[in-house]
Amino acid sequence: MTRTVYVNGEYLPEGEAKVSIFDRGFLFADAVYEVTSVLDGKLIDFEGHAVRLDRSLKELDMASPCSKEELLEIHRKLVELNGIEEGLVYLQVSRGSDGDRDFVFPSADTPPSLVLFTQNKPGLADSPAAAKGAKIISIEDIRWGRRDIKTVQLLYPSMGKMMAKKAGADDAWLIEDGYVTEGTSNNAYYVKNGKIVTRPLSNDILHGITRAAVLRLAAEAQMEIEERLFTIEEAKDADEAFTTSASAFVMPVVEIDGVTLGDGTPGPIAKRLREIYLEESRKKAV
Ligand code: PLP
């Protein structure tokens, strides 16, 4: 089925949507993005994604393409036009183009490019991958130093995912100065003796919208949480582990660098957090 996508004010069939070859998103990865999940035809954590988008734009001195209300309207319209019950909405804002390639930013009145499209993913919530749990490998984190800004510089995370696939695993966790930063496209946690351990927020990791919601729900459920640096050795010695992201919610981890965690099936805390997160987000979905 041909999707209807959004590009700079227009809703078009995907084959007709066009962006300039001089767009700085294309030439310089000078663009930021958000991914919002859809359950029951409604948007999950929209407010959090809109606030983070605004922050990413401000950190890069990039103009905002439209208001939060307009963004919500575009998201909703795409979900409706494409009949999405479960899936994702991808949004990208780039610094646009003034018709040539130049390292110097174009003048501030150059309009940013705004592109959105949906991805239909039936079974996103009731996922077989989550029932099985993910196998993780660890690799060195060689990304740039502002991982708190959600830019489209995703070549290394993409290579990390390929390294994982090649090793017969599902994903990779990134290690810097001996400590786990995060997953290629998710935040990372382990659980030992009932305590959830995850890296604190800084410029070293993306401030996950799902992370914020899951930690709040875990605290409300009286679970113990420790935000501190941790090594991959600690995680391998854990009772269980998991990741969080808007596209996979809470994903249990059952193996790290070939070491099986617990009995090799998703742990009780990851499973419970996935349930609570899905239940609560469905209630608050817009
Ligand atoms: N960390 C990285 C590097 C990511 O790319 C993502 C999501 O794409 C996350 C964490 C999770 O963030 P969120 O929960 O907002 O999807």
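Counting starts at 1 for both ligands and their atoms, in listed order. Positions are given from 1, in the same order as the sequence printed here.
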Less than 4.0 Å is my threshold; does some heavy atom of [X] fall inside it relative to ligand 1?
| X | value |
| --- | --- |
| Arg147 | no |
| Arg52 | yes |
| Asn187 | yes |

Geometric N/O contact [X] with ligand 1, under 3.5 angstrom:
| X | value |
| --- | --- |
| Thr244 | no |
| Ile209 | yes |
| His49 | no |

Using a strict 4.0 Å threshold on nitrogen-to-oxygen distance, state whether [X] and [Y] make a salt bridge.
| X | Y | answer |
| --- | --- | --- |
| Lys150 | Glu34 | no |
| Asp54 | Lys68 | no |
| Glu275 | Arg272 | yes |
| Glu227 | Arg211 | yes |
| Glu233 | Lys236 | yes |

Relative to Phe105, does Arg95 satisfy both conditions: NZ or CZ under 6.0 angstrom from the six-membered ring centre, and within 45 degrees of the ring's axis?
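Yes, Arg95 and Phe105 form such a contact.
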
Of the protein's non-hydrogen atoms, which lies at the shortest distance from [atom], and what is that distance?
| atom | value |
| --- | --- |
| atom 8 (O) of ligand 1 | Lys150 NZ, 2.8 Å |
| atom 16 (O) of ligand 1 | Ala246 N, 2.8 Å |
| atom 14 (O) of ligand 1 | Thr210 OG1, 2.6 Å |
| atom 1 (N) of ligand 1 | Glu182 OE1, 2.7 Å |
| atom 12 (O) of ligand 1 | Gly208 CA, 3.5 Å |
| atom 5 (O) of ligand 1 | Ser185 CA, 3.4 Å |

Does atom CD (Glu220) have a neighbourhood of more than 12 heavy atoms from anything else shown, all under 6.0 Å?
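Yes.
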
Say whether Leu43 and Leu78 are linked into one hydrophobic cluster, either directly or through other cluster members, by side-chain heavy-atom distances under 4.5 angstrom.
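Per the 4.5 Å side-chain linkage, Leu43 and Leu78 are co-clustered.
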
Is the contact between Ile205 and ligand 1 made by the side chain, the backbone, both, or neither, using heavy atoms and a 4.0 Å cut-off?
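It is neither part, as no heavy atom is under 4.0 Å.
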
At a non-hydrogen distance cut-off of under 4.0 Å, which region of Arg143 contacts ligand 1 (side chain, backbone, both, or neither)?
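For Arg143, only side-chain atoms sit under 4.0 Å from ligand 1.
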
Parallel, tilted or perpendicular: which one describes the rings of Phe117 and Tyr90, with boundaries at 30° and 60°?
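Plane angle under 30°, so parallel.
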
For atom 10 (C) of ligand 1, which of the options Leu174, Asn186, Thr151 provides the nearest non-hydrogen atom?
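Minimum heavy-atom distance to atom 10 (C) of ligand 1 goes to Asn186.
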
Apply salt bridge (Lys or Arg N to Asp or Glu O under 4.0 Å) to Arg216 and Glu280, showing your working.
CA-CA 11 Å; Arg216 180 175 48 76; Glu280 288 298 311; 5.7 Å; no

